[in-house]
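Letters A, B, ... are given to chains in the order of the sequence lines, protein chains preceding strands, and every chain is numbered from 1.
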Amino acid sequence: MTTRKEYIQEQRLAKLDRIRSRKVDPYPSRYQRTHQISEAIALFEQQEKAGIAEAPPVTVAGRIIASRDMGKASFMDIRDGSGKIQLFFSKDKLGEEYQFLADLDLGDFIGVTGKLWRTRTKEITVQASGWVLLSKSLLPLPDKWHGLTDVEKRYRQRYLDLLTSEEVRNIFRTRSRAISSLRRFLDGRGFLEVETPVLQAVAAGAMAKPFVTHHEALDRDLYLRIALELYLKRLIIGGMDKVYEIGRVFRNEGISTKHNPEFTMLETYEAYADYNAVMKMVEEMVSTVAQDVLGAMKAGFAGTTIDLTPPWPRMTLREATLKYSGIDFEEHPEATDLRQQMLAHGMAGVDEKMSWGRLLDQVVSTFVEPKLIQPTFLMDYPVEMSPLAKRKPDNPKLVERFELFVGGIEMANSFTELNDPMEQRQRFLQQEKERAAYGDEETDRLDNDFLLAMEHGMPPTGGLGVGVDRLVMLLTDQQSIREVILFPQLRTV
RNA sequence: GGGCCGUUAGCUCAGUGGUAGAGCACCUGACUUUUAAUCAGGGUGUCGUGGGUUCGACCCCCACACGGCUCACCA
């Protein structure tokens with residue numbers, strides 16, 4: 001039985017045989033090009049501007065993405081990483097070599113030498129004086145006009161998606177530029193970029209369920225990090241006053257348009273700063289990145305325009321929940337009481353087995369977060385929700401913490417870091433108690449080694465975590481995190 | 001995990017309880033300035049998988065797989 005795909009492949013294999021029978025290597029080891037395609041085009045435009053009639057020959061290489069055969073002359077479009085250019089082949093110029101073009105297919109890579117000129121339709125074109133096959137493709141590319149629309153295929157075979165979609169290529173170009181811009185911003189402020197362990201004995205520093213793995217030689221379980229936090233704080237303790245890390249963290253949780261099991265986090269820690277200073281820095285950082293990447297402080301997102309010009313409004317969590325849900329959490333300090341309020345305000349699916357902090361988190365995500373479209377800082381969270389943050393001096397029930405919301409999505413989380421080792425131990429123990437009481441695997445974990453570090457003395461510090469993927473979603477107007485991650489997690493088939 | 005929707009040619013998509021369709025791609029031929037080239041001809045399919053109903057299933061039913069959206073979960 002011959003499937004259509006096999007039929008196409010047989011034809012390509014036959015071409016491969018013909019090519020080899022001419023003693024041509026279809027996969028040569030090297031090829032010397034003189035210009036990237038965009039460079040060749042720039043060169044020609046420059047010379048044209050200067051009035052130089054005859055452009056020097058160039059040698060370019062790329063993948064054939066279109067072919068228009070005219071009999072004794074033909075056109076092809078090739079693309080490399082920098083752009084695309086048209087090629088012109090004619091029989092009177094190439095002689096016998098011309099007929100071998102018949103063994104080329106869309107998808108093959110070729111190298112071409114020739115001089116540049118404009119066709120009568122004004123397109124800059126390489127007039128081939130010689131060409132060489134650089135790599136033969138054996139499978140057809142997706143439809144040149146429609147590209148790939150099957151989302152599953154787009155993610156599983158991202159290379160095809162990238163090949164056929166300029167938009168997708170641009171998303172990942174923007175992602176790269178945004179990350180460079182983040183680094184530039186922080187480097188410029190004297191932050192030191194560091195790398196900390198991915199494999200950890202205790203996965204602490206956030207409320208999330210970790211992935212477990214096993215180290216054979218040590219014969220012990222290790223966890224993939226769920227946050228960068230506790231190791232970066234160890235560095236603050238070690239006297240690195242300003243540090244940051246951009247790295248992958250892993251959370252063994254559900255997949256959604258806003259969650260991928262592995263995602264990229266930026267965390268910064270600055271000694272002698274507090275959350276107010278960090279807030280200011282975040283505004284500047286995000287608006288600077290937007291300016292760098294978009295050339296503007298405004299971003300179109302989900303059909304609205306988001307204005308990132310600082311300063312951004314600040315609201316306490318209490319104000320926000322009162323305003324958007326009508327619930328004043330300070331009046332309901334017990335879990336049963338708060339749960340009742342939530343039910344009274346029409347919330348469904350309020351789990352019996354949730355702690356007060358988790359319940360309040362529900363209120364915030366249901367009523368408050370969706371309303372925070374323009375960039376907004378929510379400040380001053382209850383201590384129950386924030387085991388690593390320092391209490392407010394004037395209200396010990398609250399901590400100096402903020403979260404940044406843009407487009408209804410949480411982008412960043414920050415606090416004035418708790419640096420009292422005795423209290424930190426108590427907070428960890430409280431978390432452990434809650435885990436026991438509620439059986440919640442996401443409750444933060446006690447990290448003795450981290451406490452040991454803190455007991456040696458930790459300066460007052462402002463810390464920050466930014467969801468880089470989500471920031472890229474904002475900058476590229478994408479509603480799904482999978483669109484900004486090259487290879488998002490999918491079930492293996 | 002629940003609900004809804006989807007899965008047909010390499011790609012994009014139509015389709016009917018009774019022989020499986022189009023465009024692009026591909027193959028053959030024509031063509032020396034094309035731009036989704038054009039013109040003439042060609043058809044290369046496990047209709048997601050497995051059951052069931054039926055004289056007959058791509059279509060109807062059930063289960064499963066994968067994906068999307070959504071709720072739950074999750075900062």
Taking only the [atom1] atom of each, what is the distance from [N] to [M] in whole angstrom?
N	M	atom1	value
B:rA40	B:rA25	P	15 Å
B:rG17	B:rC59	C1'	7 Å
B:rU28	B:rG43	P	15 Å
B:rG2	B:rA9	P	29 Å
B:rC11	B:rU46	P	12 Å
B:rC27	B:rU34	P	23 Å
B:rA36	B:rC26	P	16 Å
B:rA37	B:rG56	P	48 Å

Using OP1 and OP2 only, check whether a side-chain N or O of [X] sits under 4.0 Å from [N].
X	N	result
A:Arg251	B:rC73	no
A:Arg482	B:rG68	yes
A:Arg491	B:rG67	yes
A:Lys144	B:rA37	yes
A:Gln362	B:rC73	yes
A:Lys153	B:rG67	no

Nearest atoms (heavy-atom pairs only) where [X] meets [Y]:
X	Y	result
A:Arg175	A:Val484	NH1-O, 2.7 Å
A:Gln86	A:Thr119	NE2-CG2, 3.7 Å
A:Asp469	A:Thr264	OD2-N, 2.7 Å

Would you kindly give the [atom1]-to-[atom2] distance between [X] and [N], to the nearest whole Å?
X	N	atom1	atom2	answer
A:Lys15	B:rA25	NZ	P	13 Å
A:His146	B:rU12	NE2	P	9 Å
A:Asp161	B:rG68	CG	P	13 Å
A:Gln157	B:rG10	CD	P	12 Å
A:Phe75	B:rA37	CZ	P	12 Å
A:Asp143	B:rA14	CG	C1'	15 Å
A:Arg154	B:rC11	CZ	P	15 Å
A:Ile65	B:rU34	CD1	P	19 Å

So what does A:Lys84 touch, heavy atoms closer than 4.0 Å: a base, only the sugar-phosphate, or nothing?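 Nothing: the residue A:Lys84, judged by heavy atoms under 4.0 Å, touches no strand.
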Under 4.0 Å, counting only non-hydrogen atoms across every strand here, what does A:Glu403 touch: a base, just sugar-phosphate, or nothing?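 The answer is base, as A:Glu403 lies within the cut-off (heavy atoms under 4.0 Å) of a base atom.
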If you check every side-chain atom of [X], which of [options] has the closest atom?
X	options	result
A:Arg68	B:rU34, B:rU12, B:rC26	B:rU34
A:Pro140	B:rC24, B:rC27, B:rA25	B:rA25
A:Leu148	B:rC11, B:rA37, B:rU32	B:rC11
A:Gln11	B:rC26, B:rU34, B:rC11	B:rC26
A:Ala73	B:rU32, B:rG23, B:rC27	B:rU32
A:Phe88	B:rC66, B:rU33, B:rA37	B:rU33
A:Leu490	B:rC27, B:rC69, B:rG67	B:rG67
A:Thr257	B:rU12, B:rC27, B:rC69	B:rC69
A:Arg156	B:rG67, B:rC24, B:rU32	B:rG67
A:Thr149	B:rU32, B:rU12, B:rA37	B:rU12

Toward the 5' end of RNA chain B, by each residue's nearest nucleotide, A:Trp117 or A:Tyr381: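 Comparing both residues, the 5'-ward one is A:Trp117.
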With nearest nucleotides of RNA chain B determined for A:Asp105 and A:Gly147 from heavy-atom distances, which residue corresponds to the more 5′ nucleotide?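 Final value for this comparison: A:Gly147.
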Could you go through nucleotides 28-30 of chain B and list every protein N or O atom that sits under 3.5 Å from one of its N or O atoms, giving the distance for each pair?
none

Can you tell me whether the side chain of [X] and the base of [N] have a donor-acceptor pair closer than 3.5 Å?
X	N	value
A:Glu123	B:rU33	no
A:Thr119	B:rU34	yes
A:Asp150	B:rU12	no

Which stems does RNA chain B form, counting runs of 3 or more consecutive Watson-Crick or G-U wobble pairs with both distances under 3.5 Å?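 Stem list for RNA chain B: B:1-7 with B:65-71, B:10-13 with B:21-24, B:26-30 with B:38-42, B:48-52 with B:60-64.
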Fit a plane to each ring of A:Phe89 and A:Trp131, take the angle between them on a 0 to 90° scale, and name the class: parallel (under 30°), tilted (30 to 60°) or perpendicular (over 60°).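 A:Phe89 vs A:Trp131 ring planes: perpendicular.
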Backbone N or O of A:Leu372 within a donor-acceptor pair of the A:Thr376 side chain at under 3.5 Å?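 Flag not set: sc A:Thr376 to bb A:Leu372 has no pair under 3.5 Å.
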Are any of the side-chain nitrogens in A:Arg225 or A:Glu245 under 4.0 Å away from the carboxylate oxygens of its partner?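 A salt bridge links A:Arg225 with A:Glu245.
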Taking the basic N atoms (NZ, or NE/NH1/NH2) and the acidic carboxylate oxygens, is any pair closer than 4.0 Å for A:Glu48 and A:Arg118?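 Yes, charged N to carboxylate O under 4.0 Å.
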Counting only heavy atoms from other residues, nucleotides and ligands, does the tally under 6.0 Å from NZ of A:Lys84 exceed 12?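 Open.
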Does atom CD of A:Gln479 have more than 12 heavy-atom neighbours from other groups under 6.0 Å away?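 Result for CD/A:Gln479: enclosed.
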Any non-hydrogen side-chain atom of A:Lys15 less than 4.5 Å from a side-chain atom of A:Asp105?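 Yes, side chains in contact.
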Can you list everything that forms a side chain to side chain contact (heavy atoms under 4.5 Å, CB included) with A:Ser165? Sequence neighbours excluded, please.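 Partners of A:Ser165 under the side chain to side chain contact (heavy atoms under 4.5 Å, CB included) test: A:Asp161, A:Glu167, A:Val168.
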Show, in sequence, the C-alpha distance, side-chain angles and deciding distance for A:Asp274 and A:Lys390, and conclude whether the salt bridge (Lys or Arg N to Asp or Glu O under 4.0 Å) test is met. CA-CA 10 Å; A:Asp274 70 353; A:Lys390 193 178 236 176; over 6 Å; no
Before we go on, tell me: are the rings of A:Phe377 and A:Phe402 under 6.0 Å apart, centre to centre?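 Centroid distance A:Phe377-A:Phe402: below 6.0 Å, so yes.
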